[in-house]
Amino acid sequence: MSIERLQSATSEHGRQTKQKKVIAELKNGESIFKVRNKNSNGKLSDVITYKDFNGDGVIMEDELYMIDRYEHNTDGSQTVKRYKDKDGDGYSDSVTTFNYDRNKNKTGQAITNLEDINSVRNRQHMAHEVTNREMMSIKNALVIGDGASDPILGVGNKSKQNKTIANLTTSEYNNKANIATDNNGNKILRVDYGNNNQYLFDEEEVRTPDGKLVSYSRGYFGESRSEMIIEKLLFDENGEIAQVIEFEYSHGKLVSQKNIPIEDRLTLRGAIVHIGITPADGWGDPELEKFAQDHGFSIAGHN
């Protein structure tokens, strides 16, 4: 069996949904496969442990058993958070925090056993109570917040957007742009056209330190100026769209979230707002476009 083998599912309407990716094929008697990832500084960022839950000898991308997420502190100490899916239902069942000193000696450990995910679903709950338990969401850093400081989509968050590189407010059109890096060294460009959105941004583009596209998001207003829809496109290592998620906000608070079939996505282009003011201006803000291009971005902030 080739490692390129893909498994796919068909929707009730007969359309093919996103294909699952094969991670590895196992030797006889094996059931575990691990992937170790490093950040831009060469330090271990996470260890992903896959488990062959169905016993077919092939590890698929959603057969996540354990995720160890490493945080490297300035004093040389480490904090490791371990998310474990004990029953193979795709949701974490426990979170264990390990603390180590600068000499790699363990100084503390604490475990939190989580409420059964079906129990969560059967009561009134916020979107993050389910989404943040999904092992695929944890792996892809798609966890969401419970308010305006959403780790992915919110404003001014320090855990994902921790170092500002550059800011710009254009002189002619008052378009605002911010470029920052996250904890993995990825560069984030966020644009607020007209500098008039007190809740969220209009566009976001995220790229790895070597320039590969991680995600692109765009926003547009709902029925009122306080309601916002953001469509987020996530890309795989080959630059292909891997997932599309739609977030709905009201007054900066996340109220709903849903996956959109990739084949139903909108065409990848600039945000559903115009960079300039009138057609006579060419719908462009040259100052903003140059700023984005100079920092290696090619979608957000461009016509």
Side-chain angles (χ1 to χ4, degrees), residues 39-40 140-142 148-221 228-247 249 252 265-303:
N39 60 25
S40 59
N140 294 324
L142 287 175
S149 58
D150 185 313
I152 299 299
L153 298 172
V155 181
N157 182 273
K158 300 301 182 184
S159 64
K160 290 294 293 181
Q161 192 172 339
N162 59 355
K163 182 181 179 182
T164 295
I165 297 175
N167 287 301
L168 171 73
T169 301
T170 64
S171 55
E172 186 172 0
Y173 298 120
N174 194 33
N175 293 320
K176 184 178 180 180
N178 169 264
I179 297 175
T181 59
D182 66 14
N183 294 336
N184 295 318
N186 298 323
K187 287 201 301 182
I188 305 167
L189 168 64
R190 287 176 173 171
V191 179
D192 177 9
Y193 293 106
N195 194 12
N196 62 359
N197 190 339
Q198 62 176 310
Y199 298 112
L200 298 167
F201 54 84
D202 291 306
E203 264 190 303
E204 178 191 81
E205 182 177 349
V206 181
R207 290 188 176 271
T208 63
D210 59 357
K212 291 183 179 180
L213 186 60
V214 175
S215 67
Y216 168 72
S217 304
R218 58 183 169 193
Y220 51 96
F221 289 109
M228 191 83 174
I229 303 293
I230 288 185
E231 182 189 68
K232 189 177 187 72
L233 286 72
L234 300 162
F235 297 83
D236 62 21
E237 61 271 18
N238 298 315
E240 299 293 332
I241 298 175
Q243 190 176 5
V244 182
I245 307 173
E246 183 181 273
F247 302 86
Y249 288 82
R265 72 187 183 278
L266 296 174
T267 303
L268 179 61
R269 57 179 174 80
I272 310 174
V273 291
H274 295 297
I275 298 174
I277 304 300
T278 69
D281 298 318
W283 298 121
D285 183 341
E287 192 178 355
L288 175 60
E289 291 180 348
K290 184 178 186 303
F291 177 77
Q293 186 174 7
D294 287 348
H295 289 276
F297 298 96
S298 62
I299 305 173
H302 291 76
N303 187 6

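We use all heavy atoms of the structure for the numbers below, so side chains are in, but hydrogens, waters and symmetry mates are not. No experiment lies behind these values; they were computed from the predicted model shown.
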Does [X] reach the side chain of [Y], with side-chain heavy atoms less than 4.5 Å apart?
X    : Y    : result
E205 : L213 : yes
V191 : L288 : yes
K187 : F297 : yes
L189 : F291 : yes
S215 : E204 : yes
V214 : L234 : no
I230 : E246 : no

Could you walk me through whether R207 and S298 pass the side-chain hydrogen bond (donor to acceptor under 3.5 Å, both in side chains) check? CA-CA 10 Å; R207 290 188 176 271; S298 62; 2.9 Å; yes

Which pair of heavy atoms, one from [X] and one from [Y], lies closest together, and at what distance?
X    : Y    : result
E289 : G301 : CG-O, 3.2 Å
Y216 : F235 : N-CE1, 3.9 Å
A300 : A292 : O-CB, 3.6 Å
H302 : Y193 : N-OH, 4.4 Å
D236 : N238 : OD1-N, 2.9 Å

More than 12 heavy atoms of other residues, nucleotides or ligands under 6.0 Å from NZ of K176: is that the case? no

I'd like to know whether I188 forms a side-chain contact (heavy atoms from CB on, under 4.5 Å) with I179, so could you lay out the CA-CA distance, the side-chain angles of the two residues, the decisive distance to 0.1 Å, and finally the verdict. CA-CA 5 Å; I188 305 167; I179 297 175; over 6 Å; no

With sequence neighbours excluded, what pairs up with E287 under the salt bridge (Lys or Arg N to Asp or Glu O under 4.0 Å) test? none

Sequence neighbours excluded, which residues qualify as salt bridge (Lys or Arg N to Asp or Glu O under 4.0 Å) partners of D294? K290

Among T169, D202, D285, which residue meets the side chain to side chain donor-acceptor pair (under 3.5 Å) test with N175? D285

Salt bridge between E203 and R218, side-chain N to carboxylate O under 4.0 Å? no

